[in-house]
Amino acid sequence: MARGGGGRAREEEEELKGAKRGYREALSEGNREEEARWANVIGDIHKRRGEYVEALRWLRIDYEVTVKHLPQRHLIESCQSLGEVYLRLARFSDALTYQKKHLELAKDSNNLVEQQRASTQLGRTYHEIFLGSENDHSAMRNAKKYFESAMELVKILRKNASSEKSSYLKELIDAYNNLGMLELELENFEEAERLLLDGLKICDEEEVNQYDDARTRLHHNLGNVYTALRKWKTAGDHIEKDIKICKQIRHLQGEAKGFINLGELHSQIQKYEQAELCYNKALGIIKDLEDEDALVDQIHQNIETVRKAAEVLEELKKDEQKLKKLVRDTSRARETSNERKLLLEQHALLDDLIEKARMISSWHKHKEFSKGKKRVTIELCDKEKQSDALLSIGESYQKLRNFSKALKWYTKSWDIYQSIGNLEGQALAKVNIGNALDSLGDWEDALKAFEEGYRIAVEGDLPNVQLSALENMQYSNTVRFDNKIKANDGHGANTYSEEPDDNVILSSLVHRSRSSSNIKASKTHSTPKNVDRLCQMDEGTREVISKACGTQSGRKRVRMVISDDEADENPEIDQSKKILSSRTDRLSTSEHIAHGANNRNQDNLQPTEPRDAHSNYTPCPAEESICSFKSSSPIGHGNDGQEIGASSGGKASASKPAASGSKVCSPASYSQPQGQNAVGLQSTDANHHFLAFRIGEHLVYLDANACIYEAAFSIDSLKVEVACVYNLQILDEKSSKGLFPIIGELKCCGNVLDGAESTNYIGQLASEEKCIDVVIDDWVPKRLMKLYIDFCAKLSEVPNKKLLIKLYNLEVSEDEIILSDCGLQDLSITPFLDALRSHKTIAMLDLSHNMLGNQTIERLQDIFASSSQTYGGLTLDLHCNRFGPTALFQICECAVMIKRLEVLNLAGNRLTDGCSSYLFTILQKCKALYSLDVEQCSITSRTVQKMADAIDEGSVLSHLSIGKNNPISSNTMLNLLSKLASLKRFSQLSLTGIKLNKLMVDKLCSLARSMCATGFLLGGTSIGPGGTIKLTEALSSTSQELLRLDLSNCGVTTPELSQICTNLSQINILDLNLGGNSINLEGCDTVGAILANPQCSLRSLTLDRCNLGLAGITRIIQALAGNDQLEELRMAENTNLSLERTLHFDEDMQDVSTSTERKHGNNAETSDNIAPGNVDLENMVVADSEDEAANEDRRAASGASRSCASSCQRNSYSGCEVIQELAEALVFAKQLKVLDLSRNGLSEEGIQSLYTAWASGERGDGIARKHVSKEVVHFSVDGMSCCGLKPCCRRDLQM
């Protein structure tokens, strides 16, 4: 538990007092069932607090009362709880006793749910035994047996589940995770990868929230798998996802351990500075947690390790330079008496370098030095040293996971050892050949090689090699061939075993010697000089590095932290963790339960149990698939950061269980939100501070990022967030009636927050844990919002945060439902559709930019068909979803929708020509339909012709969008335009992206003359300058008032621009888009003339990608000095300044690329500041060559680098004068409220100067804002969105 979380401690104390009070009352009344239940609750509270001995005492009371006075079925929960606590105390024998009793009782009652839970718990106990030993292979076998049993049981449960929703999903995912983790322990990396990826695949298929705790376990173990496979980038991606999820769900231990693993990854590729930064990051997170001494000590040890490793790396670099000098000296001493002496010195130095490379796991360097040693030994004509070198090269390739080449070099080494009769070398080579064959999947030949190595070692009386060969033989027999009798020959029985196959024991487990133990140390350091050199190394450094790296190749990794599921709620760490603190284990479902899975006591396997309406908003969405605790705490699932995870409101009682399978709800009153809005859990990460809000007697917490909109502080967003979270977290009379607060003033330290505060100031409030007082102006009923929350509770779903905020929108009525971009899918929208059915009245429904499919349309048809609202206009906006053609069939079959439909937006759905008959029906039967949008729906001429056939003169259609659909033939388009010309009300047409020929343009001009046009969207139609002139002349010939005219990417050029602008000046246009046309600097004055015209009505102008240059941008803005209409001006990507700089840079870099390559060629693993995610770590490979003389020559070559001074001069760009002119122009363009200057190569100083000018004067009633990032330069004012609203969703100027 985070320090400073005193509120939570007090809350737990109150909970404990209430439970003891209940126990005393039950004891006095003689109510044995209540007595046992309360004893279990008290035991569980102590367990959550890490007080395991006290927990054990109360759970024993529960068990004894249950055995003496209650039916046997009540023992299931008691045995499960006792088994859990004994496991946390590392009392494995006792744990197994109760867990097996739990399984036996579950089988007797034919309870598959409890069988699955008991099997998982038994699996994790045997897994703990396996991790804590090096000679108990039977524990691994039993762990695998029970994990596989749990997998089979959960599959049966899912198959038998009657619910439509995916049941027992978490248990299935955890089963894959547990088995994958076990395969990872056994170094079966490909099988582990397959199982873990299967788990992720299920997460994706079942739409599991991206920030669910089940995913973090999978990503954690996958990070370890790919680290072992040396796929650095992939490993880094998974570790970073693990960290991101842990950060999102406020799991500090998991986040810290993720950083430790990331540090280990950096350490593996010799990026020691980055590794130390990661470890310090982990230390900064973990230091705020109590009783994490073991983990803190481990981090300090890791930091010491990387510092020592960095020292070794520096020594290696220095020795490498000495080697180069020695090579040059040897070259000059050829055919002299000094040559052999220098070659022996080279050999000694290479031995030293090989050992240092091995110590820091720099296997590319290890291979390079080993091959250098091979060349030297060939010149020395020493067969034994040569075979040692070949063995060392084989080791390099084994560690680099190039097993076929490892086998090649090991075999070459074996051949030479055999030729000279060296038994030790032969035995070692055979064992290593066995390792390579095993890694290649040739298990039978591998076993034969191990047996041959053992035979030779016995013949040569080599006990160490005998032991190595025996260990590998046992591994092959037990893991590869499951031959337990042969592996167990001569060994004793398992202390913990009661299973038929628990009698298997190994003297030395799966801990195979695949590292330097299989290399002839006595041979590789045969030269006295080399031994002396190694002795000169700091003894502490050698000890630390050897301790940290010595076991990396085996089953256990000393520095890789792997258990990551101690949840944030755990007040005290598991005492058994101190007992087992020297162990490093991988993250499994078992780990997440055994080490601090705490206030998550639920029964996930009873989805049909009733729940309290607010009990499923969880503190920390990490779940125990094996728990059946009698006490219960509120549990739920976090969802993607879009769903609000809050704690229970505290109104639960013993009669209203908060989690299924529990006997009682917490007697304490919870008011502290957790999870995403966690109380008392202040993140050490600057991006995840929490703001505290005091509303009356209650406190609610929000992530400070919730109030950041377009990189600026938004007071309105903050108020909405506070209102929504308050209603979820606080149960009172008003919220129960569906009343939601209207937030008035927000005060902090006596000052009212007015929205002018900087993001830094808000971050400071959060970091200082300042409390913000909230004034509620009024309460507003939000019936649909209340219905949605209630149905979420009923279906055990967590409310979608974005959806709640949309429903809270105070600017629209309850009949206008706008749920755009809420991340909704067919399953996750279910509670809302249920609420909609009860709500009944709908005037507008916007479900755009989600991931909805035909199933949702079927549900909507049922809702409208059962509705009593049979008249009144209906707007249905479904654009950018996953609807198919049959979705329109549902609309056609619903009489209510046919009668009411006025606006239908289907853009961005893959309808294809399969929807043609349905669109025909809709256009014919929907007599009220005036707007239809089928842009980018993959339709062709066939469907457009059907639409044209359906249109008759009596149609009220006025808006039609068919753009971005191809191919559409000329005849079809002419027919459609002719039909549209016959309509009396038609006014707006979008043909974006459809190539128009001369006949089409002429017909379009005819249509423009005949109708009262309000909008033409012709972007990307390539009508050319002539077509544009014709169209603008047609529009200017009548009194047109256009809302929008889009002529972007139409091929307009500077010579014709003057005539086009003359025509445009005669039309009243609100929104004009000329982007993508070659206006150039020469055309700026022409455009400026329109803007300077007093009659100009433009409110929005887009000139993106018009090649204006900074000078042209300046002229356009200067023309606005007298313009009082234009509010939005977008001029992104109008200068190739950044391109020119890049070209100059590339040109200059060619001058120095050769020397740079030479500089980096000798240090491929340490030359760059590599961080997983920004380089291709997987391709860090040194080419293999048996004869590297040519490479050595290239590395030895040197040359003077060319001076870069001239390039610096060429790259210097002074735009001070232009920036100054532009800034002055901005001061006078006071009516502008949005300005987009993105991707124009502006420097930070230039942007700041422009923003200073932007903010210097008054711009309406709003406060000046800026949104600046890597490729974004937006200036705006309050109330104007610079980039948050998608163009297709703009309703102010929407077609």
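Everything numeric in this text was worked out from a predicted model, so none of it was measured. Along the sequence shown, residues carry numbers from 1.
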Under 3.5 Å donor-acceptor, N881 side chain and L847 backbone: yes
Counterpart residues, ring pair (Phe, Tyr, Trp, His ring centres under 6.0 Å), relative to H219 (two or more places apart): H238
Shortest non-hydrogen contact between G884 and N854, atoms and distance: N-OD1, 3.0 Å
Salt bridge (Lys or Arg N to Asp or Glu O under 4.0 Å) evaluation trace for R859 with D862: CA-CA 5 Å; R859 295 286 307 277; D862 292 339; 5.4 Å; no
T125 and Q99 side chains, donor-acceptor separation under 3.5 Å: yes
Sequence-distant partners of F883, ring pair (Phe, Tyr, Trp, His ring centres under 6.0 Å), two or more places apart: none
Main-chain N/O of E255 paired to K247 side chain as donor or acceptor, under 3.5 Å: no
4.5 Å side-chain heavy-atom contact, L153 and E114: no
pair Q121-Q80: side-chain heavy atoms closer than 4.5 Å: yes
Donor-acceptor contact below 3.5 Å, side chain N850 vs main chain G823: yes
Candidate pair Y226 and E193, rule side chain to side chain donor-acceptor pair (under 3.5 Å), full reasoning: CA-CA 8 Å; Y226 288 119; E193 178 187 20; 2.6 Å; yes
Donor-acceptor under 3.5 Å (S119 side chain, Q115 main chain): yes
Plane angle bin for F832 and Y788 - parallel if under 30°, tilted between 30 and 60°, otherwise perpendicular: perpendicular
pair I239-I243: side-chain heavy atoms closer than 4.5 Å: yes
D438 side chain reached by W443 side chain, heavy atoms, under 4.5 Å: yes
Sub-4.5 Å side-chain heavy-atom contact between F92 and L87: yes
Salt bridge flag under 4.0 Å for residues D237 and K233: yes
Salt bridge present between K201 and D198 (N-O < 4.0 angstrom): no
Y126 side chain near K145 side chain, heavy-atom distance below 4.5 Å: no
Modelled atom types, side-chain donor and acceptor of E84 and Y98, under 3.5 Å: no
Heavy-atom side-chain proximity of D242 to K257 below 4.5 angstrom: no
Sidechain N-carboxylate O distance under 4.0 Å for R194, E191: yes
